[in-house]
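Just below is one structure, and these are the notes that go with it.
Chain letters run A, B, ... following the sequence lines, proteins first, then strands; residues in each count from 1.
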Amino acid sequence: MTTENAVYINELKDHVGPEVTLHGWLYNSRASGKIQFLIVRDGTGLCQCIVEKGKVPDELFEQLKRLGQESSLSVTGTIRAEERSVGGYEMAVTNAQAVAPAEGYPITPKPHGVEFLMRHRHLHLRSQRQWAIGKVRHTVIDAIRRYFNDNGFVLVDTPIFTTIVGEDQTSLFEVDYFGRPLHLTQTGQLYLESAAMAYGRVYCFGPTFRAEKSKTRRHLTEFWMVEPEVAFIDLDGLLLLAEGLVSSIAQRVLTDNRSELQTLGADIPALERVVPPFHRLTYTEAVEILKGPKTREFLARERDELQQQKQQMEGRIAELEKQQAGQLKQWQQDKIAAELIDLRGELEEINTRIENNPKHDQLAAEFRWGKDLGGSDETIISMMHDKPVFVTHYPREAKAFYMKTDRQNEQVVQNFDLLASAGFGEVIGGSVREDDYDRLLARIKAEGLNPETYDWYLDLRKYGSVPHGGFGLGVERTVAWVIGERHIRQCIPFPRMMDKVYI
RNA sequence: UCCCCGAUAGCUCAAUAGGUAGAGCGAGCGGCUGUUAACCGCUAGGUCGUAGGUUCGAGCCCUACUCGGGGAGCCA
């Protein structure tokens, strides 16, 4: 192998002309008698490499023809612009060397099932879609760090083994820490509050663990969360910070990952709309909407649209089944069969949504003030808006002990959730923190928590307490929303779900 | 915890009324000078998830279990 004249595929436009070498893996190949098309991937992109008989030794030509998918190889040749090729450039090969031939690579360029791909996650990361998601995830994380670093925030790493309960006691992962029971962090927030009193503006970024019995497309037991915490800030200030963060993420992805967004079929115009100001609703207003005529109309319209789609799809399926019965060439039969499988899958999903629609309607209509918003309620609210929506001032009973009671209305706390658009639901939860010693102590006791464990946390209210607050943004949910991926498990390289850990 | 669906070749799926298992992809071989999930021909590849039951006969019907997917609830 030579690293001389080595180039990466994403910089081919700067290397048109002279002989260069690509190091990568064989993504796919097509061969005919005298010409071969090798699609090579090198981690930065795909490049079609043309091997013509007579322009390379016959022996090499034959060897390349037999090279299996995902064989590692180095190819040398000259780059030229070519519209017909992936990425707009291609290589005319003059020499090549197999680094390590691969045989029988399990993931073919054809459809596979979820379980199969999950069990082969270590290989699945190489495929186009997963690769593109990983690139977007990288940008999202970089945009987050950039935003805070550029705005005077100090990174503070909070512990993963913790003694405190930040969210819900029932969702703790307990670990045996040399005989002492500790648990994995659910949030760095309480530690971060103490750091905010040292630095003013801080953030932490790390994995978070929640043992919730939630088997849904929106939940992971291990996920990544960024949490800023700011001294001397009120609820309005937090909303500005959150919309600044989220819109800067959206804009960065738009500039850095346009081709990935296209590969993934993301809704780019929707992403372009993600600019401040976002919509703002109070919890009470949200409940009114859910119980009111707007929601009834919205759900009825959705029901009609779904019924229409269902009819169209059933019509198409019937048509294809009729065609299938006729005299057709084998490849036509196959094409029809493949389309049928697709359509049946989509139809099943539409049927589920039709089935859920009245349930969601009932849940929303019967919603009583005081409950937390359910998944379907969040979906309805976010579907009714064309960009993210803040919902503020939730009932105190439904929320965590550390949230600051609103002094104008003691029934609610000064908190907010940010609901992403298009039904993706909550991506941020945050609040102003209770800064009054007595009130905080009372809430800790009311929740049945042990005040001794929170001694140090209460200290923060003893020694120079200030109004402060922060929020947590879930990385995977943000990525899922940005790219329009329905299942969160695709947005982390090695997902951990409630009932499933593959590799 | 509950509800629904599924399990057939390495992968994705077929199998009409219960009558002895098929296709495509992948693999192997051959053909083709511009292919785009290429195409064409040939070959190999199966204890139909497991256990039991009904039947002359079970991939198909019944029961239990295991595993997977989707949804509900609960929650970020």
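Put simply, the residue from E426(A), E476(A), E378(A) that forms a salt bridge (Lys or Arg N to Asp or Glu O under 4.0 Å) with R218(A) is E378(A). The side-chain contact (heavy atoms from CB on, under 4.5 Å) test with E115(A) is passed by exactly one of R119(A), M118(A), H112(A): R119(A).
For N356(A), counting side-chain heavy atoms from C-beta on, the closest listed nucleotide (A72(B), G69(B), A76(B)) is A72(B). Comparing U33(B), A76(B), U35(B) against the side chain of S85(A) picks out U35(B) as the nearest. Here the nucleotide nearest the side chain of D372(A), chosen from G70(B), A76(B), A38(B), is A76(B). Side-chain atoms of H487(A) lie closest to G70(B) of the nucleotides G70(B), U36(B), C32(B). Among the nucleotides U12(B), G69(B), C29(B), the one closest to the side chain of Y502(A) is G69(B).
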Y203(A) and Y147(A): CA distance, side-chain angles, deciding distance, ring-ring contact (aromatic ring centres under 6.0 Å, His included) verdict: CA-CA 11 Å; Y203(A) 73 100; Y147(A) 182 80; 9.8 Å; no
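Contact between the side-chain N/O atoms of R84(A) and the OP1/OP2 oxygens of A38(B) is not found at any separation under 4.0 Å.
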Can you check nucleotides 2-5 of chain B for protein contacts, nitrogen or oxygen pairs under 3.5 Å, and list what you find?
none

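Across all strands shown, E476(A) has no heavy atoms under 4.0 Å from either base or sugar-phosphate atoms. T352(A) comes within contact range of the sugar-phosphate backbone alone, with a heavy-atom separation under 4.0 Å but no base atom that close.
Between the side chains of E193(A) and Q189(A), a donor-acceptor pair is found at a separation under 3.5 Å.
Note: CD (Q36(A)) to P (G31(B)) measures 13 Å, nearest angstrom.
One can find a donor-acceptor pair under 3.5 Å joining the base of G34(B) and the side-chain atoms of R80(A).
Once rounded to the nearest 0.5 Å, the distance linking NE2 of H279(A) with CZ of F390(A) reads 11.0 Å.
A salt bridge links E243(A) with R280(A); the closest basic N to acidic carboxylate O contact falls under 4.0 Å.
Between A58(B) and A21(B), the two P atoms lie 13 Å apart (nearest whole Å).
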